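See structure below.
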Amino acid sequence: MIISASTDYRRAAQRRLPPFLFHYIDGGAYAEYTLRRNVDDLAGLALRQRVLRNVAELDVSTELFGEKLALPLALAPVGLTGMYARRGEVQAARAATAKGVPFTLSTVSVCSIEEVQKAVSAPIWFQLYVLKDRGFMRNALERAQQAGVKTLVFTVDMPVPGARYRDAHSGMSGPYAPARRLLQAALHPAWALDVGVLGRPHDLGNISAYLGKPTGLADYIGWLGANFDPSISWKDLEWIRQFWKGPMIIKGILDPDDARDAVSFGADGIIVSNHGGRQLDGVLSSARALPAIADAVGSDLAVLADSGIRSGLDVVRMLALGARAVLIGRSFVYALAAAGQAGVANLLDLYEKEMRVAMALTGARSVKEISRESLVGIL
Ligand code: FNR
């Protein structure tokens, strides 16, 4: 029985996944201060209870880039999602599409852009990293457009990988990692059989499609390590703009000055994010960074936010701080690992229910009516 989406699915995911995968999802950078603050700063925000305001009719939908979203929420790009459940990207995308919210496919997915887009009736979002291999980037953009993707999420907070010590402890990286992963997989036969690990090696869809050969987890880690590009600058974004016709969202903004640069560049949206506390430990939580950014650029482009959202209440809090919509990462991944598509579908229903309760009891009848007035005091 599900009591709370955030804790119960997380616990179920931990039971189901081999440790190297669970900790890869669950962990953050260095001592994980920012990871914890993302959650704590949001949860610590007091919602302002209002009563007797006729909340019989609530509208939880919103509009973004000319499209209607059933909830002001999208699934965040999460690498290796197809390792947490069989064809995991397809399962999560189906749950999201059925609910009427966007699914974002990571560059480093197990299922390819084509496979995921074909499996659903609405356009998915596609996330791209800047990689040294510009040929890969062009190829991915062309394939995404051809498949029918309209919205590009461009992640800019990874010029270098964060220091993730949990991965070294768990066997995701570090000495003897392949052997340790194999051993852990063997100790989780139900998972291994289910995702196909023992049957056939994992294939990193988008990367394999480009390289023209199957790529497993070890190739992926090597390829990614060699391909992250610390020379990334606004010029690279202009280069990408030539190849992308639809809305472009820049993910990983944490400072109002960078947000203003995104406006000058002509971005359609930004995602206020610290990558779920996985990059630079010690930076501001998204909840703390968001109000100043929303004040600076909220009227110029769509300000979205992620990092630390674990419930529908948190969605309302982020909107109150100035976000037009939010993305959820770990929260949906735990549900997917625990119960596949049905888990993600159930999670999204829980988010909606929780949002409705929070809106009714703060007196907001629509998403537009959620404002800083919905909070008592501010961080
Ligand atoms: C991520 N995130 C991420 N972001 C991105 O742009 N491309 C990616 O491939 C990934 N991969 C990834 C893997 C895992 C396991 C996690 C947990 C996260 C970051 C993600 O999109 C989002 O910013 C955070 O997950 C948001 O924080 P919460 O919701 O997890 O607290």
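First listed ligand is number 1; within each ligand, the first listed atom is number 1. Predicted model, so just to flag it, every value in this text is computed and none were measured.
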Legend entry - Atoms of ligand 1 close to Arg310 [distance to a heavy atom under 4.0 angstrom, numbered from 1]: 28 (P), 29 (O), 31 (O)
Legend entry - Nearest-neighbour protein heavy atom for atom 29 (O) of ligand 1, which is reported as residue plus atom name and distance: Gly329 N, 3.0 Å
Legend entry - atom 5 (C) of ligand 1: the protein heavy-atom neighbour that sits closest, reported with distance to 0.1 Å: Tyr129 OH, 3.3 Å
Legend entry - Distance (rounded to the nearest 0.5 Å) between Arg143 CZ and Glu114 CD: 4.0 Å
Legend entry - Residue, atom name and distance, where the atom is the protein heavy atom closest to atom 20 (C) of ligand 1: Pro77 O, 3.4 Å
Inset, instruction - Consider ligand 1: state whether an atom of it lies below 4.0 angstrom from any non-hydrogen atom of Ser331. - result: no
Legend entry - Exercise: do Tyr129 and Ser106 side chains pair donor with acceptor under 3.5 Å: no
Legend entry - Identity and separation of the nearest protein heavy atom to atom 15 (C) of ligand 1: Arg278 NH2, 3.4 Å
Legend entry - Electrostatic pair Asp268-Arg241, nearest N-O below 4.0 angstrom: yes
Inset, instruction - Check if Val78 has a non-hydrogen atom at a distance under 4.0 Å from any atom of ligand 1. - result: yes
Inset, instruction - Just jot down the ligand 1 atoms closer than 4.0 angstrom to any heavy atom of Ser106, in number order. - result: 8 (C), 9 (O)
Legend entry - Geometric class of the Tyr24/Tyr84 ring pair [parallel <30°, tilted 30-60°, perpendicular >60°]: tilted
Inset, instruction - Run the contact test for Val108 against ligand 1 with a 4.0 Å cut-off on heavy atoms, strictly below, and give the result. - result: yes
Legend entry - For ligand 1, the portion of Gln127 having any non-hydrogen atom under 4.0 Å away: side chain
Legend entry - Same apolar cluster (I L V M F W Y, side chains within < 4.5 Å links), Leu327/Phe332: no
Inset, instruction - Could you list the residues that satisfy side chain to side chain contact (heavy atoms under 4.5 Å, CB included) with Val263, not counting sequence neighbours? - result: Val297, Asp300, Leu301
Inset, instruction - Kindly assign one of parallel, tilted or perpendicular to the pair Phe265 and Trp234, based on the angle between their ring planes and the thresholds 30° and 60°. - result: tilted
Inset, instruction - Return the residue, atom name and 0.1 Å-rounded distance of the protein heavy atom closest to atom 11 (N) of ligand 1. - result: Gly79 N, 3.0 Å
Legend entry - Numbering as shown, the atoms of ligand 1 that approach Asp306 to under 4.0 Å (heavy-atom distance): 22 (C), 23 (O), 26 (C)
Legend entry - side-chain contact (heavy atoms from CB on, under 4.5 Å) between Phe103 and Trp125, worked out: CA-CA 6 Å; Phe103 169 81; Trp125 293 3; over 6 Å; no
Legend entry - Distance-only side-chain donor-acceptor flag, Tyr9 / Asn346, under 3.5 Å: yes
Legend entry - Atoms of ligand 1 close to Ile25 [distance to a heavy atom under 4.0 angstrom, numbered from 1]: 15 (C), 17 (C)
Inset, instruction - May I ask you to list the atoms of ligand 1 that are less than 4.0 angstrom from any heavy atom of Ser273? - result: 23 (O)
Legend entry - Side chain proximity check, Gln279 to Tyr30, heavy atoms < 4.5 angstrom: no
Inset, instruction - Could you go through the side-chain hydrogen bond (donor to acceptor under 3.5 Å, both in side chains) check for Arg138 and Gln242 one step at a time? - result: CA-CA 10 Å; Arg138 259 197 87 163; Gln242 301 170 43; over 6 Å; no
Inset, instruction - Consider ligand 1: state whether an atom of it lies below 4.0 angstrom from any non-hydrogen atom of Met158. - result: no
Legend entry - atom 6 (O) of ligand 1 - nearest protein heavy atom and its distance: Thr155 OG1, 2.7 Å
Legend entry - Protein contact to atom 4 (N) of ligand 1 [nearest heavy atom, distance to 0.1 Å]: Lys251 NZ, 3.0 Å
